[in-house]
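To keep things clear, I will list the structure first and then write my remarks on it.
Along the sequence shown, residues are numbered consecutively beginning with 1.
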Amino acid sequence: MTTDPTLDPAAARQPLDAVALARLVDHTLLKPEATRADVEALIGEGIRLGVYSVCISPSFLPVEVPVGIDGAPDLQVATVCGFPSGKHHSDVKAAEAARAVRDGAHEVDMVIDVGAAKEGRFADVEADVRAVRDAAPAPTVLKVIIESAALTDDEIVAVCRAAEAAGADFVKTSTGFHPAGGASVHAVRLMAQTVGGRLGVKASGGIRSAADALAMVEAGATRLGLSGTAAVLAGVTADGDY
């Protein structure tokens, strides 16, 4: 079982080679047209690349993941909740998260109601996250997708604070499906400054090159959501340059 790099956020910002960068990656497949064969291929590729986890749609759970000699899985399994709109009742999100954990998910990436954040209803955002946290308590890792590209800086700060107050483990930039866009260096830096190392920061959405990935880590990302993982890692040389 790999060690979660977010336990030492400063370590993620040290010079990275391809192997170290892979340990920060949630290797992701969330396309609606994905098949079980695609998921099996994703898991195989994830193991070959040495990623931290695979992130798949909840309907594909449970999945078989090889285990190491210590009996722990060779990679973690993450899934999504309230995805991609976040416009689900909190009890529905909670039920989805609980089902995912029963089906073997180690991590849950939930989407907030972005409209609630735009209306300044941050107490409702906090309650939404808490409902999922209560349904999927530790050791399940809870990541909160805020759709940072659709929020102002003040809204990003407020949503990150709400997620922390509700007991989340991470804040995450994006679903990758919102028309406003995905991760940005500015948003990641602001999120990292807001949570101050108390939570992890996952950069996800539109990260397609080694330069993009390393810039996100430099800005404070401790986890990366990538669908084109092999291409990103291929752009990183052994000494961490690209």
Side-chain angles (χ1 to χ4, degrees), residues 4-18 20-26 28 51-53 55 78 84 86 107 109-112 114 116-118 120 122 125-126 129 141-229 232-233 235-236 240-242:
D4 188 338
T6 62
L7 295 177
D8 182 9
R13 294 190 287 275
Q14 298 301 312
L16 296 173
D17 60 15
L21 187 64
R23 294 298 192 202
L24 305 182
V25 172
D26 291 346
T28 302
V51 302
Y52 184 73
S53 79
C55 185
E107 305 193 352
D109 294 22
M110 69 165 290
V111 188
I112 67 163
V114 182
K118 298 302 294 182
F122 301 111
V125 173
E126 181 179 336
V129 176
V141 172
L142 177 60
K143 310 190 199 86
V144 177
I145 305 173
I146 71 170
E147 293 292 19
S148 56
L151 302 178
T152 67
D153 284 3
D154 287 346
E155 290 163 349
I156 288 172
V157 170
V159 168
C160 288
R161 289 174 176 168
E164 181 175 4
D169 299 297
F170 279 78
V171 285
K172 174 180 170 181
T173 57
S174 321
T175 61
F177 285 76
H178 198 286
S184 71
V185 166
H186 172 75
V188 168
R189 184 174 293 116
L190 180 58
M191 292 163 70
Q193 290 170 348
T194 302
V195 301
R198 297 178 300 278
L199 277 66
V201 177
K202 179 175 173 180
S204 183
I207 303 171
R208 297 186 177 90
S209 70
D212 290 341
L214 294 170
M216 296 300 172
V217 173
E218 178 64 25
T222 56
R223 194 82 70 87
L224 300 171
L226 305 178
S227 56
T229 307
V232 170
L233 296 178
V236 183
D241 295 329
Y242 60 88

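Between Thr175 and Pro84, the shortest heavy-atom contact is CG2-O, 3.6 Å. Considering all non-hydrogen atoms of both residues, Val201 and Phe170 come closest at N-CD2, 3.7 Å. Contact detail for Ser174 and Ile145: the closest heavy-atom pair is C-CG2, 3.4 Å. Pairing each heavy atom of Ala162 with each of Phe122, the nearest pair is CB-O, 3.8 Å. Nearest heavy atom pair, residue Thr194 against residue Cys160, reads CG2-CB, 3.7 Å. Contact record, Ala192 with Ala219: CB-O, 3.9 Å, taken as the closest heavy-atom pair.
In this structure the side chain of Asp212 never reaches within 4.5 angstrom of the side chain of Val232, judged on heavy atoms. Looking at Val125 and Val144, their side chains never come closer than 4.5 Å, going by heavy atoms from C-beta outward. Counting heavy atoms from C-beta on, the side chains of Val114 and Ile112 come closer than 4.5 Å. Looking at Leu24 and Tyr52, their side chains never come closer than 4.5 Å, going by heavy atoms from C-beta outward.
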Quiz item: Which is it for Asp153 and His186 under the side chain to side chain contact (heavy atoms under 4.5 Å, CB included) test, yes or no, and what are the steps along the way?
Solution: CA-CA 9 Å; Asp153 284 3; His186 172 75; 3.0 Å; yes
Quiz prompt | Test side chain to side chain contact (heavy atoms under 4.5 Å, CB included) applied to Val171 and Val159, step by step | solution = CA-CA 9 Å; Val171 285; Val159 168; over 6 Å; no
Exercise. Check the pair Glu107, Arg223 against salt bridge (Lys or Arg N to Asp or Glu O under 4.0 Å), reporting the backbone distance first and the verdict last.
Key: CA-CA 13 Å; Glu107 305 193 352; Arg223 194 82 70 87; 3.0 Å; yes
Quiz prompt | Working for side chain to side chain contact (heavy atoms under 4.5 Å, CB included), residues Val236 and Leu16 | solution = CA-CA 8 Å; Val236 183; Leu16 296 173; 5.8 Å; no
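Leu226 CG to Ser209 OG: the interatomic distance, rounded to the nearest 0.5 Å, is 10.0 Å. Distance CD/Glu147 to CD1/Ile156: 11.0 Å, rounded to 0.5 Å. Taking CE of Met216 as the start and NZ of Lys202 as the end, the distance is 13.5 Å to the nearest 0.5 Å.
No side-chain donor-acceptor contact under 3.5 Å links Ser227 to the backbone of Thr28. At least one donor-acceptor pair under 3.5 Å links the side chain of Asp169 to the backbone N or O of Leu142. Distance alone, capped at 3.5 Å, is enough to place a donor-acceptor pair between the Lys118 side chain and the Ala150 backbone. In this structure, Ser204 contributes its side chain and Thr173 its backbone to no donor-acceptor pair below 3.5 Å.
Residues satisfying the salt bridge (charged side-chain N to carboxylate O under 4.0 Å, His left out) criterion with Lys172, sequence neighbours excluded, are Asp109.
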